[in-house]
Protein chains: 2
Amino acid sequence: MSENIVGPGARSPHAGGGTLRHHAYESLKGMILSSAFHPGERLSEVRLSQMIGVSRTPLREALMLLEAEGLVIGRPNSGYCVVHFDPEAIRALLVAREGLDGYVAEVACRTATDEDLARVTAVMAEIDELDRRRDGRTLETARELELGLRIHEVIAAATRNPALQDMTRRLYERLRVALWLEVLLLDSWDDAVRQHRAIVEAVVARDVPRAVEAARAHVRDSLSNMAGVERLYRERRQRFKLPLRPPERAKP
Amino acid sequence: MSENIVGPGARSPHAGGGTLRHHAYESLKGMILSSAFHPGERLSEVRLSQMIGVSRTPLREALMLLEAEGLVIGRPNSGYCVVHFDPEAIRALLVAREGLDGYVAEVACRTATDEDLARVTAVMAEIDELDRRRDGRTLETARELELGLRIHEVIAAATRNPALQDMTRRLYERLRVALWLEVLLLDSWDDAVRQHRAIVEAVVARDVPRAVEAARAHVRDSLSNMAGVERLYRERRQRFKLPLRPPERAKP
DNA sequence: GTGTTCATTATTGTATGCAATGATGCATGT
DNA sequence: ACATGCATCATTGCATACAATAATGAACAC
């Protein structure tokens with residue numbers, strides 16, 4: 001559950017598991033990605049340090065790491081807040097993702113070992129398996145999201161390129177909330193399965209043009225879904241009476 | 001001179017100019033990018049804090065930011081060291097750059113405003129200007145590098161996509177030392193001018209396929225140069241009696 | 001009623017002290 | 001001579017205390 005995308009192989013910053021900074025980092029990231037805070041909510045250092053049970057020093061360091069990853073934003077002398085669901089920013093991230101995923105697929109076609117492809121196939125099999133069981137209408141949104149990320153993770157790993165893996169990992173982490181909303185609010189699972197299968201088949205066949213196009217089409221679909229996600233999200237937010245961009249302070 | 005790639009518009013982490021952390025961050029980054037330390041050199045927190053004139057706390061935070069950007073690496077309870085010039089890692093970064101630059105060119109063709117294109121043209125004019133003056137064999141390596149980065153910066157800005165700008169900025173920062181060695185050790189200026197012109201013309205003409213191919217070819221050229229850079233670098237390092245990978249400690 | 005000013009308060013930024021962990025060198029035994 | 005174990009030392013990780021800055025609210029003038 002605490003697995004990152006592109007789990008082992010792409011070290012998270014100062015990966016040491018024993019340190020309190022690492023603990024604070026993981027805890028906070030988990031809270032944020034599981035929507036424990038309202039979007040845009042202000043993050044008080046003392047409150048968080050008490051919640052997590054560490055001093056302010058490691059907590060501040062964790063906050064800075066998370067800012068570097070784009071999950072929180074902070075202005076000097078003004079503290080940090082959770083990123084809000086900003087449709088425009090999400091669209092920009094998705095546009096970037098279209099290029100990155102396409103290129104990752106392209107490189108993976110060329111550099112993947114047979115083991116890499118086997119791993120990709122294995123994850124795809126898990127997706128199919130979930131798809132079969134799902135006919136009974138069992139709600140497994142969390143597992144859907146997890147597998148949807150995993151398939152991209154193993155494809156990125158198949159590039160054997162740490163830089164590409166890193167960029168992929170960062171991008172998906174920033175998109176995670178939005179993707180979560182997508183699978184939660186929209187029922188895009190069937191399409192997702194089809195598209196993932198198309199990507200996997202093309203990569204396994206080492207068919208570069210087809211893989212690139214499949215990967216890009218997948219993201220474009222996600223992009224066109226975002227309009228609907230935004231609408232549903234706006235409704236939900238209104239129900240909870242959350243302001244649009246809560247802490248947006250005056251800018252000089 | 002303290003201008004980042006993708007200067008204003010892409011905030012550096014916790015961009016506040018007044019804080020000591022920011023000062024420490026900028027100072028350290030400057031030192032590293034100007035090769036003030038040997039590659040792989042160990043960075044003692046107390047020594048650095050005395051050099052820069054701040055306490056350990058903001059310095060530690062600056063180090064963590066730099067780690068997140070890939071300029072230093074740190075292992076828990078063991079401190080930080082400057083990244084060493086690792087040809088394999090550089091190649092991986094350049095492979096990633098090929099995809100990113102190609103995609104940036106593609107998006108820029110579609111989304112650039114006329115002002116954006118004017119800025120691109122302006123920087124290209126500066127390059128041409130430098131090229132003309134340079135016939136007199138005046139050595140202006142620093143300016144060459146600066147303009148070489150700037151042209152990519154303004155093209156990235158022309159995408160109007162913060163995510164792509166951010167990824168570009170990060171990638172070029174990590175590559176900066178390698179690119180510096182490239183223009184310093186090899187005399188690749190003439191080729192670079194030609195390639196930059198090809199990219200600019202294609203982007204200004206909004207010719208997507210040509211722009212993508214030009215951008216990619218430029219990076220591929222850089223990639224094939226790296227072999228030579230590595231050889232020359234190895235010689236230089238040997239002259240200074242620097243070990244290959246200084247602080248590589250045993251891994252369990 | 002609205003806008004402005006100032007004092008209060010809360011929160012962040014920085015410095016320092018202590019504890020814990022890893023590195024270093026020497027002595028010792030084989 | 002080489003390896004092993006131990007003691008010492010340096011350095012990092014963390015917590016806390018203090019200073020500086022920004023947010024908050026009340027009082028006041030218009």
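Naming convention: chains lettered A, B, ... in sequence-line order (proteins, then strands); numbering from 1 in each chain. Values reported hereafter were calculated over all heavy atoms of this structure, with side chains retained and with hydrogens, waters and symmetry mates removed.
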Figure out the [atom1]/[atom2] separation between [X] and [N], and round it to whole Å.
| X | N | atom1 | atom2 | answer |
| --- | --- | --- | --- | --- |
| A:Q50 | C:dA10 | CD | P | 14 Å |
| B:L59 | C:dT14 | CG | C1' | 13 Å |
| A:L20 | C:dT21 | CG | P | 11 Å |
| B:Y80 | D:dA10 | OH | C1' | 18 Å |
| A:E61 | C:dT12 | CD | C1' | 15 Å |
| B:N77 | C:dA19 | CG | P | 17 Å |
| B:H22 | C:dT14 | NE2 | C1' | 17 Å |
| A:E67 | C:dG13 | CD | P | 10 Å |

Worksheet item: Given that A:E45 and B:S55 both sit by DNA chain C, which one's nearest nucleotide is further toward the 5' end?
Response: A:E45
Worksheet item: Base, sugar-phosphate alone, or nothing: which one does A:L43 contact when heavy atoms must sit under 4.0 Å apart?
Response: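 Sugar-phosphate contact only.
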Discussion item. Quick check for you: among D:dG13, C:dT14, D:dC14, whose closest atom lies nearest to any side-chain atom of B:R60?
Written reply: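 Ranking D:dG13, C:dT14, D:dC14 by closest atom to the B:R60 side chain puts D:dG13 first.
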Fill in: Selected nucleotide, minimal atom distance to B:S78 side chain, candidates C:dT14, C:dA23, D:dT12
C:dA23
Side chain [X], main chain [Y], donor-acceptor under 3.5 Å:
| X | Y | value |
| --- | --- | --- |
| B:T111 | B:T159 | yes |
| A:Y103 | B:V95 | yes |
| A:E230 | A:P87 | no |

Discussion item. Ignoring hydrogens and geometry beyond distance, is the side chain of B:R75 in donor-acceptor contact with the base of C:dG22 at under 3.5 Å?
Written reply: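 Check fails, no donor-acceptor contact within cut-off.
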For [N], does OP1 or OP2 lie under 4.0 Å from any side-chain N or O of [X]?
| X | N | answer |
| --- | --- | --- |
| A:R42 | C:dA10 | no |
| A:R21 | D:dG13 | yes |
| A:T57 | D:dC14 | no |
| B:R56 | D:dT12 | no |

Practice prompt. Carefully, step by step, assess A:E173 and A:R170 under the rule salt bridge (charged side-chain N to carboxylate O under 4.0 Å, His left out).
Written response: CA-CA 5 Å; A:E173 242 157 35; A:R170 282 178 179 280; over 6 Å; no
Practice prompt. Select from B:V46 and A:P58 the residue whose nearest nucleotide in DNA chain D is closer to the 5' end of that strand.
Written response: B:V46
Worksheet item: Would you say the side chains of A:D116 and A:T113 form a donor-acceptor pair under 3.5 Å?
Response: yes
